Protein chains: 2
Amino acid sequence: MTKMHKENNLTKNEQIVFDLIEKSREPVKAYSILSNVKKKGIKAPPQVYRALEKLIKVGKIHKVESKNSFVVCKNTNCEVSNATAFSICQVCEKVTEIVNSKLSKYLKSFQDNTGMRYKKYNLEFFGLCQKCKSK
Amino acid sequence: MTKMHKENNLTKNEQIVFDLIEKSREPVKAYSILSNVKKKGIKAPPQVYRALEKLIKVGKIHKVESKNSFVVCKNTNCEVSNATAFSICQVCEKVTEIVNSKLSKYLKSFQDNTGMRYKKYNLEFFGLCQKCKSK
DNA sequence: CATTAAAATGTTATAATATTACATAATGTT
DNA sequence: AACATTATGTAATATTATAACATTTTAATG
């Protein structure tokens with residue numbers, strides 16, 4: 001087996017899982033990933049979950065917590081992913097990552113009432129997407 | 001069976017589940033709730049999940065998505081719960097609801113790059129709580 | 001290039017979380 | 001009382017995730 005895959009340092013399984021999520025262009029669930037990469041030789045949940053864990057750690061993907069789903073990161077220079085925000089349509093369930101520097105600056109510098117600051121956040125907004133609003 | 005329970009309009013099972021979550025003072029998982037209310041006559045998951053769903057809907061509790069756990073709402077006048085923020089310690093896993101009007105005003109009025117506004121949000125901050133920081 | 005340690009993968013089983021479907025009982029309305 | 005609605009009970013099963021351990025691949029070193 002070759003050591004490197006594509007331009008990055010993902011392992012074989014990580015690359016397979018990443019490619020599938022990227023290709024799908026919408027949030028994908030772990031077992032959906034599994035069933036779609038069976039043909040690539042990935043046969044069992046731990047293989048998928050390990051890849052997901054690593055991809056999240058290096059910031060290539062995010063987990064959309066409210067949907068137990070995974071999406072590719074939309075930030076150009078995604079590295080460690082400690083600040084995520086999503087727009088989720090309550091009707092069609094479309095999920096879009098929000099990349100907004102004002103918002104991220106505000107939240108990264110946020111201090112709670114006790115003066116506590118945070119290393120990481122995840123924000124999920126819910127509403128109607130353009131399409132569903134105009135129906 | 002009496003119609004009303006305590007001062008509010010919760011049903012029997014809803015009140016049992018709510019009391020347990022409130023008593024515990026920390027996030028509780030559904031199956032932990034289940035095992036702790038067996039003595040009260042609640043025997044199966046659907047009874048718990050139904051109560052949780054209703055309690056969330058009326059704003060008495062929130063789900064902490066990243067932990068699949070449930071906490072009582074800390075807002076005094078909690079009604080429909082469309083704006084939640086939590087502080088989660090990465091070490092001891094302590095969860096506190098953040099009640100901060102500046103933050104909620106900011107997020108309630110947030111518009112994304114497309115001008116879209118949202119009806120609801122959930123924000124989870126991660127960091128070290130006071131105790132864990134000072135260790 | 002043989003040896004070895006570390007990382008990645010493969011595999012089975014099972015744990016933890018959540019829902020479906022349908023039956024029964026309690027309650028509210030007329 | 002009759003009926004509709006809401007709440008509850010119950011069994012089964014679906015979905016999401018991890019534990020544990022074996023094997024293979026890769027990287028580093030002498």
Side-chain angles (χ1 to χ4, degrees), chain A residues 1-6 8-21 24 26-58 60-71 93 95 122 124, chain B residues 1-6 8-21 24 26-58 60-71 93 95 122 124:
Chain A
M1 183 55 59
T2 55
K3 174 181 148 200
M4 290 297 181
H5 304 268
K6 297 204 173 168
N8 51 40
N9 54 354
L10 299 181
T11 65
K12 186 183 118 218
N13 286 357
E14 288 159 9
Q15 188 68 55
I16 292 170
V17 169
F18 178 77
D19 287 347
L20 188 109
I21 300 172
S24 110
E26 66 177 359
V28 210
K29 287 170 170 283
Y31 276 73
S32 161
I33 295 170
L34 178 57
S35 69
N36 282 292
V37 296
K38 283 256 167 84
K39 48 195 152 197
K40 300 272 185 184
I42 291 181
K43 291 175 184 156
Q47 297 173 294
V48 172
Y49 281 101
R50 277 177 202 141
L52 291 172
E53 185 181 27
K54 175 73 171 307
L55 290 167
I56 288 169
K57 201 161 92 181
V58 300
K60 306 279 293 180
I61 66 169
H62 305 303
K63 180 173 185 180
V64 182
E65 292 287 354
S66 64
K67 309 188 83 61
N68 296 323
S69 297
F70 303 87
V71 293
E93 308 215 311
V95 174
N122 178 55
E124 299 184 3
Chain B
M1 182 58 55
T2 54
K3 175 181 148 200
M4 291 296 184
H5 303 267
K6 296 203 172 167
N8 52 41
N9 54 354
L10 300 180
T11 66
K12 186 185 117 214
N13 287 356
E14 288 160 10
Q15 189 68 55
I16 291 170
V17 168
F18 179 75
D19 287 348
L20 189 108
I21 300 172
S24 108
E26 65 178 1
V28 210
K29 288 168 171 282
Y31 275 71
S32 160
I33 295 171
L34 177 57
S35 69
N36 282 292
V37 296
K38 284 253 167 87
K39 50 195 153 197
K40 301 271 186 186
I42 291 181
K43 291 175 184 157
Q47 296 173 296
V48 172
Y49 282 100
R50 276 177 203 141
L52 290 172
E53 187 182 26
K54 176 74 171 305
L55 291 167
I56 288 169
K57 200 161 94 183
V58 300
K60 306 279 294 179
I61 66 168
H62 306 304
K63 180 173 187 181
V64 182
E65 291 287 354
S66 64
K67 309 187 83 61
N68 296 322
S69 297
F70 304 87
V71 294
E93 308 214 311
V95 174
N122 178 54
E124 299 186 2

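To find a chain, count down the sequence lines: A is the first, B the second, and so on, and within it residues start at 1. Just so you know, these numbers come straight off a predicted model, no measurement behind them.
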Distance-only donor-acceptor hits, side chain of residues 29-46 of chain A, under 3.5 Å, sequence neighbours excluded:
unit_1	atom_1	unit_2	atom_2	d
Lys29(A)	NZ	Lys67(A)	O	3.0
Ser35(A)	OG	Ser32(A)	O	3.1
Asn36(A)	ND2	Ser32(A)	O	2.7

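Residues meeting the side-chain hydrogen bond (donor to acceptor under 3.5 Å, both in side chains) test with Lys63(B), sequence neighbours left out: none. Considering only residues two or more places apart in sequence or on other chains, Ser66(A) meets the side-chain hydrogen bond (donor to acceptor under 3.5 Å, both in side chains) condition with Glu124(A).
In this structure, Asn68(B) does not reach the dT16(D) phosphate: none of its side-chain N or O atoms is under 4.0 Å from OP1 or OP2. Contact annotation: Lys29(A) does not reach the phosphate of dT15(D) (side-chain N/O to OP1 or OP2, under 4.0 Å). An OP1 or OP2 oxygen of dT6(D) is reached within less than 4.0 angstrom by no side-chain nitrogen or oxygen of Thr11(B). Look at Lys12(B) and you won't find any side-chain N or O under 4.0 angstrom from OP1 or OP2 of dT6(D).
Here the side chain of Asn13(A) is nearest to one of dG10(C), dA17(D), dT10(D), namely dG10(C).
Contacts with DNA chain D (heavy atom under 4.0 Å) in residues 31-43 of chain B: Lys43(B), listed by number. Taken residue by residue, residues 45-54 of chain A places heavy atoms nearer than 4.0 Å to DNA chain C at Pro46(A), Gln47(A), Arg50(A).
Across all strands, Lys67(B) comes closer than 4.0 Å to no nucleic acid atom at all (heavy-atom distances).
Counting only residues at least two apart or on different chains, the side-chain hydrogen bond (donor to acceptor under 3.5 Å, both in side chains) pairs with a member in residues 44-56 of chain B are Glu14(B)-Lys54(B).
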